[in-house]
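Here the structure comes first, spelled out in structure tokens, and everything after it is commentary.
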2 protein chains.
Amino acid sequence: MLNMRTARPSPPEDLTARALIRDAAIVHFARDGFRKTSLRAIATTAGVSASLVVHHFGSKERLRAECDEFVIGNMLATAHDKASPAGLQAVIQSYLANPAEYEVDVAYLSRAISEETAAGQNFVDTIVDETEAIIRAGIADGSMNPSSDPRAEAVLITMTSLAMMTMTSHLARALGFEGRGLGQETMRRLALPSVELYTHGLYTDETVLNITRNALAVTPEPASVPGAEPMPAREYSRREDTR
Amino acid sequence: MLNMRTARPSPPEDLTARALIRDAAIVHFARDGFRKTSLRAIATTAGVSASLVVHHFGSKERLRAECDEFVIGNMLATAHDKASPAGLQAVIQSYLANPAEYEVDVAYLSRAISEETAAGQNFVDTIVDETEAIIRAGIADGSMNPSSDPRAEAVLITMTSLAMMTMTSHLARALGFEGRGLGQETMRRLALPSVELYTHGLYTDETVLNITRNALAVTPEPASVPGAEPMPAREYSRREDTR
DNA sequence: ACCCCGACTGAACAAGTGTTTAGCATGTTG
DNA sequence: CAACATGCTAAACACTTGTTCAGTCGGGGT
């Protein structure tokens with residue numbers, strides 16, 4: 001009801017050809033990527049000629065720009081006017097309510113992030129900023145643990161969240177949900193472990209933390225940073241080796 | 001010294017043309033992606049004709065397969081024979097020691113994951129399994145917190161780690177390292193916050209955890225899963241709303 | 001009535017693609 | 001020496017790509 005901007009439940013016929021082309025392009029870009037989709041393919045699923053596509057949009061690149069604006073711009077817009085700090089939550093919940101409707105938009109966003117579109121970068125940056133604000137507020141009101149670097153923590157959490165979008169297929173496969181509707185069951189399966197991780201952490205003590213602190217203290221800036229990232233889970237396997 | 005399989009310090013001249021083509025293809029695939037790179041571009045940087053590429057490899061697709069095998073296969077191989085459970089750690093540390101040498105391989109792997117190559121999927125699945133084993137061992141020996149779903153936790157952590165590869169450019173940009181050598185400074189900046197997060201968690205109490213548990217208990221399986229994932233950080237913002 | 005302007009199409013173009021073909025060396029084998 | 005395989009190339013082929021070019025259709029405005 002509230003989302004007629006991002007999700008497009010519009011009837012098939014009473015749309016202008018221009019809108020039909022845009023929607024078809026969004027579907028194709030989301031499913032096959034920008035480079036792989038041809039103007040003729042878009043024209044076919046839109047039921048028009050290839051020339052009409054460029055007649056309306058000028059070029060394939062400008063068509064992409066318009067699709068970016070339509071999908072991602074609307075995502076950010078609906079997120080912004082719904083409450084100030086954590087307005088994104090409404091969108092997220094609305095998505096989780098029925099992922100099928102947003103499937104195309106999520107796939108499109110994922111492509112935009114992977115292909116590093118201007119709109120995709122803008123989206124990522126916006127969410128990072130928003131997340132940082134949330135974290136700082138959470139630390140201030142005591143609901144979240146203090147961090148040595150809230151900005152970096154925000155980046156970390158944002159990328160983790162976005163990775164759930166860009167790697168849906170890998171997620172589903174690793175969990176055994178191959179054929180099923182990507183997302184629904186996968187998200188449900190990941191929900192609890194994710195919150196557990198965010199509540200209790202992974203490690204039981206500060207062994208790894210201290211090792212990391214020492215390693216970073218030793219190497220001030222330019223040289224190497226041994227044994228810290230990006231797979232912190234591995235550290236434990238040589239715990240006694242606390243040199 | 002120990003890595004002459006993944007990193008290629010080989011002198012320029014004494015390589016067979018076949019190897020030259022393979023290496024050139026790896027660079028191009030890593031930097032521009034599979035679809036965007038043309039056989040002629042590969043041939044040019046390899047200093048040979050385009051026909052020779054297909055003469056040696058049969059087709060572009062088979063060339064890709066061979067590059068996959070060479071880069072990713074070697075990654076997995078060197079990871080496997082170095083200690084059994086957490087053998088990957090050696091590779092990771094070797095990478096963190098001097099990321100520049102592995103830059104191409106990391107970029108290549110990232111592409112393989114994004115483009116969902118067979119080898120890329122295999123790599124992801126392998127690391128998930130390996131991570132799951134590590135987590136189960138860590139829980140058993142008390143160094144890690146118990147999880148309601150170790151498999152899902154392993155998937156979560158793996159995807160987070162891999163996201164650091166597939167989203168290097170976004171990471172760097174969000175942290176302000178635009179022009180610098182992608183990785184080095186970014187990794188250093190993220191190391192401590194990441195371990196902090198894995199040690200103490202994000203939330204100070206179990207409010208969000210309980211909310212999530214209740215939400216999952218209410219909706220058993222088929223229907224919607226409101227307010228849980230994939231952005232758990234947002235939950236806090238309506239803490240008092242503990243309906 | 002004219003004209004024009006917009007939406008729209010089919011055909012053609014130029015460039016780029018992966019792949020094929022024929023052929024040139026060159027060295028090895030009978 | 002002849003025959004042949006091998007590493008290699010230039011040219012061409014078949015095809016797809018994004019884009020351009022007339023040109024048709026139809027409805028308003030004057």
Side-chain angles (χ1 to χ4, degrees), chain A residues 10-70 108 111-112 114-119, chain B residues 10-70 108 111-112 114-119:
Chain A
S10 317
E13 257 24 46
D14 59 301
L15 281 175
T16 82
R18 195 168 196 283
L20 280 178
I21 293 172
R22 183 200 350 93
D23 289 355
I26 289 172
V27 170
H28 273 90
F29 288 159
R31 203 187 46 196
D32 306 324
F34 177 74
R35 206 167 183 93
K36 190 173 178 178
T37 62
S38 71
L39 286 188
R40 285 169 175 83
I42 296 173
T44 300
T45 75
V48 300
S49 75
S51 341
L52 191 62
V53 177
V54 15
H55 170 68
H56 276 302
F57 296 91
S59 74
K60 190 186 179 186
E61 197 65 45
R62 257 180 295 176
L63 171 59
R64 194 236 279 263
E66 190 137 336
C67 291
D68 279 6
E69 170 61 24
F70 188 78
Y108 189 97
R111 286 283 183 191
S114 301
E115 295 173 359
E116 314 203 19
T117 305
Chain B
S10 316
E13 258 22 49
D14 58 302
L15 281 174
T16 81
R18 195 169 196 282
L20 280 178
I21 293 171
R22 183 200 350 93
D23 289 355
I26 289 172
V27 170
H28 273 91
F29 288 159
R31 203 187 44 195
D32 306 324
F34 177 74
R35 201 166 186 95
K36 189 174 179 178
T37 63
S38 72
L39 286 188
R40 287 170 174 82
I42 296 173
T44 299
T45 75
V48 300
S49 76
S51 342
L52 192 62
V53 177
V54 14
H55 170 67
H56 276 303
F57 296 91
S59 74
K60 190 185 179 186
E61 198 64 45
R62 257 180 293 176
L63 172 59
R64 194 234 281 261
E66 190 136 338
C67 292
D68 279 7
E69 169 61 24
F70 189 78
Y108 190 96
R111 286 282 184 192
S114 301
E115 296 173 1
E116 313 205 21
T117 306

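Chain identifiers are assigned alphabetically (A, B, ...) following the order of the sequence lines, protein sequences preceding nucleic acid strands; residue numbering begins at 1 within each chain.
- The side chain of B/Ser51 sits closest to D/dT9 out of D/dT9, C/dC8, D/dC21.
- We find that CZ of A/Arg35 is positioned 13 Å from C1' of D/dT16, with the value rounded to whole Å.
- Looking only at side-chain heavy atoms (C-beta outward), B/Thr45 and B/Val27 stay at 4.5 Å or farther from each other.
- Checked by distance alone, B/Arg40 brings no side-chain donor or acceptor within 3.5 Å of a matching partner on the base of C/dG16.
- As rounded to whole Å, 17 Å separates atom P of D/dA11 from atom CG of B/Leu52.
- Heavy atoms of B/Ala50 sit nowhere under 4.0 angstrom from any nucleic acid atom.
- Residues B/Ser59 and A/Arg18 both approach DNA chain C. Their nearest nucleotides, taken by heavy-atom distance, put A/Arg18 toward the 5′ side.
- Under the 3.5 Å distance criterion, the side-chain polar atoms of B/Arg22 are left unmatched by any main-chain donor or acceptor of B/Cys67.
- Summarising the geometry, the separation between CD1 on A/Ile21 and P on C/dC8 is reported as 7 Å, rounded to the nearest angstrom.
- C/dG18 atom C1' lies 19 Å from atom NZ of B/Lys36, rounded to whole Å.
- Residue A/Ser38 has its side chain nearest to D/dT17 when only D/dT17, D/dA10, C/dT9 are considered.
- Applying the side chain to side chain donor-acceptor pair (under 3.5 Å) criterion to B/Ser51, with sequence neighbours excluded, gives no partner residue.
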**Request:** Go ahead and write out DNA chain D as dot-bracket, 5' to 3': ( ) for pairs within the strand, [ ] for ones crossing earlier pairs, | when the partner sits on another strand, dots for unpaired; Watson-Crick or G-U wobble, both distances under 3.5 Å.
**Result:** ||||||||||||||||.||||||||||||.
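- Taking atom CG of residue A/Leu20 and atom C1' of nucleotide C/dC8, one finds them 14 Å apart after rounding to whole Å.
- Taking every side-chain heavy atom of B/Leu39 into account, C/dT19 is the closest of D/dC8, D/dT17, C/dT19.
- Considering CG of A/Leu39 and CD1 of A/Ile21, their distance stands at 9.5 Å, rounded to 0.5 Å.
- Atom-to-atom, CG of B/Leu63 to P of C/dT17 comes out at 15 Å; the value is rounded to the nearest Å.
- Between B/Val53 and B/Ala43, the shortest heavy-atom distance links the atoms CG2-CB, 4.0 Å.
- Using a 4.0 Å cut-off, some side-chain N or O of A/His55 falls inside it from OP1 or OP2 of C/dA7.
- When rounded to the nearest whole Å, the span between CZ of B/Phe57 and C1' of D/dG7 equals 13 Å.
- When side chains are defined from C-beta on, A/Asp23 counts as touching A/Leu15, because their heavy atoms get closer than 4.5 Å.
- Distances shorter than 4.0 Å separate none of the side-chain N or O atoms of A/His56 from OP1 or OP2 on C/dG6.
- Following rounding to the nearest Å, B/Arg62 (CZ) and C/dG18 (P) show an atom-to-atom distance of 15 Å.
- For the pair B/Arg64 and B/Phe57, the NZ or CZ position fails the cation-pi test of under 6.0 Å to the six-membered ring centre and within 45 degrees of the ring normal.
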